[in-house]
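Quick notes on the structure that follows.
Chain letters run A, B, ... following the sequence lines, proteins first and then strands; every chain starts at 1.
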There are 2 protein chains.
Amino acid sequence: MLDRQHLHILSAVASTGTVTEAANKLHVTQSALSHAIKKLEQAYGVKVWHKEGRRVRMTNAGQLLLKFGNRVIPQFEHAELQLQQIAKGERGTLRIGMECHPCYQWLLTVVKPFIREFPDIDVDVKQQFQFGALGALLEYEIDMLITPDPLLHKHINYQAVFDYEHVLVVPADSTLASLGFIRPTDLADETLITYPVEASRLDIFTRFLTPAGVSPKRHKIIETTEIMLQMVEASRGVAALPRWLVESFQDKLDIKWVSLGSAKIMKSIYLGTRNKEQAPDYMGHFKALAKRARVV
Amino acid sequence: MLDRQHLHILSAVASTGTVTEAANKLHVTQSALSHAIKKLEQAYGVKVWHKEGRRVRMTNAGQLLLKFGNRVIPQFEHAELQLQQIAKGERGTLRIGMECHPCYQWLLTVVKPFIREFPDIDVDVKQQFQFGALGALLEYEIDMLITPDPLLHKHINYQAVFDYEHVLVVPADSTLASLGFIRPTDLADETLITYPVEASRLDIFTRFLTPAGVSPKRHKIIETTEIMLQMVEASRGVAALPRWLVESFQDKLDIKWVSLGSAKIMKSIYLGTRNKEQAPDYMGHFKALAKRARVV
DNA sequence: ATTAAAGCATGAATATTATTCATGTATGTA
DNA sequence: TACATACATGAATAATATTCATGCTTTAAT
């Protein structure tokens with residue numbers, strides 16, 4: 001079979017001019033090269049070179065292989081370089097999945113220093129998953145999952161990266177704004193704005209309204225945080241969001257936040273990763289950056 | 001060293017799904033593949049795949065190599081195909097050198113059936129040589145030389161392909177046209193038109209005028225046969241050319257030919273080839289075609 | 001829950017392949 | 001003419017690849 005080694009031999013013979021020098025260059029004996037090419041010649045029934053005086057001259061076939069070698073040898077070398085970069089953790093793709101709408105802003109503050117520190121690691125962020133985010137992680141569709149709901153699984157490790165309070169955002173002039181904390185019944189006459197996910201995954205329902213048997217007057221769905229908060233400012237509804245997120249908008253919008261219940265709703269964001277294979281170095285760095293980014 | 005074989009293994013594993021099936025596909029044992037990849041992994045310090053249940057899953061590095069393989073394996077296969085074509089004599093380049101201006105028309109009649117019979121053999125025709133046509137042949141700049149002057153050389157074989165008479169072309173109404181043959185002195189008052197080569201390589205001089213100590217009144221240089229003959233028809237001069245060439249123009253131009261001397265000037269065209277290496281099959285076919293093409 | 005089967009990894013044995021060594025031949029050079 | 005250089009080649013040896021035997025883990029079946 002035509003092999004990389006043959007191309008190296010041809011290349012060395014062409015550049016040095018003689019088989020003997022080529023052999024020195026490749027740190028083997030002249031005999032080894034003669035034998036190797038002879039075998040190739042027999043395999044394909046072509047002459048690769050022929051003696052001319054005390055040197056050799058490439059035949060048509062030899063020149064063909066030489067040109068071929070000039071084209072593919074650099075490709076091999078490039079692939080080897082990439083392997084070495086992977087070995088040193090200098091190259092890779094970090095595919096991040098997010099199950100947490102408001103986390104996007106926070107994630108950006110982690111990704112930004114990360115891509116500066118690891119210029120050869122590509123970062124991908126996905127938010128849509130055909131078979132759920134956990135499935136995507138297990139099926140190698142993503143390498144890391146950012147979620148407030150760490151569904152336990154044998155092959156997934158979770159690490160909490162920061163804790164925050166889930167609060168109700170209200171217009172600054174709302175009567176709710178002056179309360180020390182909100183009770184479920186306070187929302188019975190309000191319009192509640194949420195992201196477009198099932199109610200079973202919204203803490204405002206699962207941990208606050210549903211246990212108390214209360215429903216909001218209306219339920220509006222809005223996809224983007226910015227629009228959602230503008231609606232709140234315009235007194236078109238109230239929303240439940242991370243406190244840090246609300247605070248980051250308070251210099252732009254006339255809104256206020258109030259704790260949900262006297263006990264407050266406390267949440268954590270988790271990074272989930274597979275434990276099936278050894279994680280590359282840069283993933284550890286990413287986790288470290290994520291932990292330091294608690295303050296937004 | 002990263003080798004073609006590794007890429008085949010990765011490709012087989014990816015397409016079959018398991019190492020065992022890949023091994024069957026490659027007609028070796030599963031163990032052989034495991035060992036081969038393990039060695040590769042150790043050489044570069046990367047994992048190529050990792051066990052997942054009872055199968056394996058490609059790592060980043062494995063996917064890189066897989067993609068690389070998909071790109072280069074077809075290149076190898078193409079190169080091998082080309083080698084086999086060369087082996088069967090189906091592929092090659094026949095580089096022809098010509099030292100014989102009027103031969104071009106004859107050559108075309110040989111090349112035409114040749115390229116039809118050997119569609120994968122390229123034909124190149126060169127007419128300019130830095131160190132002489134013989135040097136070009138010895139230095140592998142060309143593979144075949146077409147010449148009326150076979151300069152003998154140890155490593156060159158010549159073969160005469162056809163004989164012809166060198167005649168004088170004159171306007172049909174010229175007084176010379178009615179002579180049985182031309183004497184040197186008949187040209188003393190004529191304008192002689194020749195191709196742009198040294199007089200020492202023109203038979204009209206070396207074998208006719210110079211031995212008789214005669215010079216033509218004028219000597220004009222013209223590069224193309226067609227123009228040369230039109231000048232003759234217009235009574236602007238006479239020229240010495242192969243008889244067959246003149247005859248092929250006589251239906252278009254009002255010209256006649258007369259033998260040079262009572263003994264005539266007879267010439268042969270030779271094909272010269274190197275005898276250093278074994279010539280490809282198609283070269284023999286070319287020579288055979290050349291011999292059959294004597295009549296133009 | 002237990003067993004069976006499938007699949008991969010691995011050390012040791014073996015087979016294969018590559019390389020060297022010794023030598024012959026041809027060619028250019030002193 | 002002798003000598004040095006360069007390539008080819010058969011035989012010997014070294015290196016490498018492959019197989020064999022086996023253990024471990026996972027999945028499927030009973």
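A/Gln128 CD: 12 or fewer foreign heavy atoms inside a 6.0 Å radius. The environment of A/Arg55 atom CZ is sparse: at most 12 non-hydrogen atoms of other residues, nucleotides or ligands sit within 6.0 angstrom. The local environment of OH in A/Tyr104 is sparse, with at most 12 non-hydrogen atoms from other residues, nucleotides or ligands closer than 6.0 Å.
Proximity of B/Trp49 to the phosphate of C/dG7: no side-chain N or O atom is located under 4.0 Å from OP1 or OP2.
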Original post:
For B/Glu80 and A/Tyr44, what are the C-alpha separation, side-chain angles and deciding distance, and is it a side chain to side chain donor-acceptor pair (under 3.5 Å)?
Top reply: CA-CA 8 Å; B/Glu80 286 177 315; A/Tyr44 291 93; 2.4 Å; yes
- Item | ring pair (Phe, Tyr, Trp, His ring centres under 6.0 Å) between A/Phe114 and A/Phe118, worked out | CA-CA 6 Å; A/Phe114 179 80; A/Phe118 297 90; 4.9 Å; yes
Any protein N or O atoms within reach of nucleotides 1-5 of chain C? Criterion: under 3.5 Å, listing atom names and distances.
{"unit_1": "C/dA5", "atom_1": "N3", "unit_2": "B/Arg54", "atom_2": "NH2", "d": "3.3"}

Quick one: which protein N/O atoms are closer than 3.5 Å to N/O atoms of nucleotides 16-18 of chain C? Pair and distance per line, please.
{"unit_1": "C/dA18", "atom_1": "OP2", "unit_2": "A/Lys39", "atom_2": "NZ", "d": "2.7"}

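For A/Gly53 and A/Gln5, each mapped to the nucleotide of DNA chain C holding its nearest heavy atom, the one lying further toward the 5' end belongs to A/Gln5.
Without hydrogens or angle criteria, B/Asp281 side chain to B/Gly89 main chain gives no donor-acceptor distance under 3.5 Å. For B/Thr16 (side chain) and B/Ala12 (main-chain N/O), a donor-acceptor pair under 3.5 Å exists by modelled atom type. Listed for the A/His6 side chain is a donor-acceptor partner under 3.5 Å among the backbone atoms of A/Asp3. Side-chain atoms of B/Thr147 never come within 3.5 Å of backbone atoms of B/Pro150 as a donor-acceptor pair (strictly under, hydrogens ignored).
The aromatic rings of B/Tyr270 and B/Tyr158 sit perpendicular, their planes meeting at an angle over 60°, well past the 30° parallel limit.
Nucleotides of DNA chain D that come within less than 4.0 Å of any heavy atom of chain A span, from the 5' end to the 3' end, D/dA4 to D/dA11.
With rounding to whole Å, B/His155 atom NE2 is found 11 Å from C/dA26 atom C1'. Note: NE2 (A/His50) to P (C/dT27) measures 13 Å, nearest angstrom.
Contacts of A/Phe76 classified as ring-ring contact (aromatic ring centres under 6.0 Å, His included), with partners at least two apart in sequence or in another chain: B/Phe68.
One side chain, A/Glu52 or B/Tyr140, offers a donor N or O that lies under 3.5 Å from an acceptor on the other. Between the side chains of B/Thr273 and B/Asn157, no donor-acceptor pair is found at a separation under 3.5 Å.
For the segment residues 18-36 of chain B, the set of residues with a heavy atom within less than 4.0 Å of an atom of DNA chain C comprises B/Thr18, B/Val19, B/Thr20, B/Gln30, B/Ser31, B/Ser34, B/His35, in numerical order. Taken residue by residue, residues 9-17 of chain B places no heavy atom nearer than 4.0 Å to DNA chain C.
Salt bridge status for A/Lys267 with A/Asp203: present, with a side-chain N to carboxylate O gap under 4.0 Å.
Residues B/Leu94 and B/Asp124 have side chains not in contact (no heavy-atom distance under 4.5 Å, counting atoms from C-beta outward).
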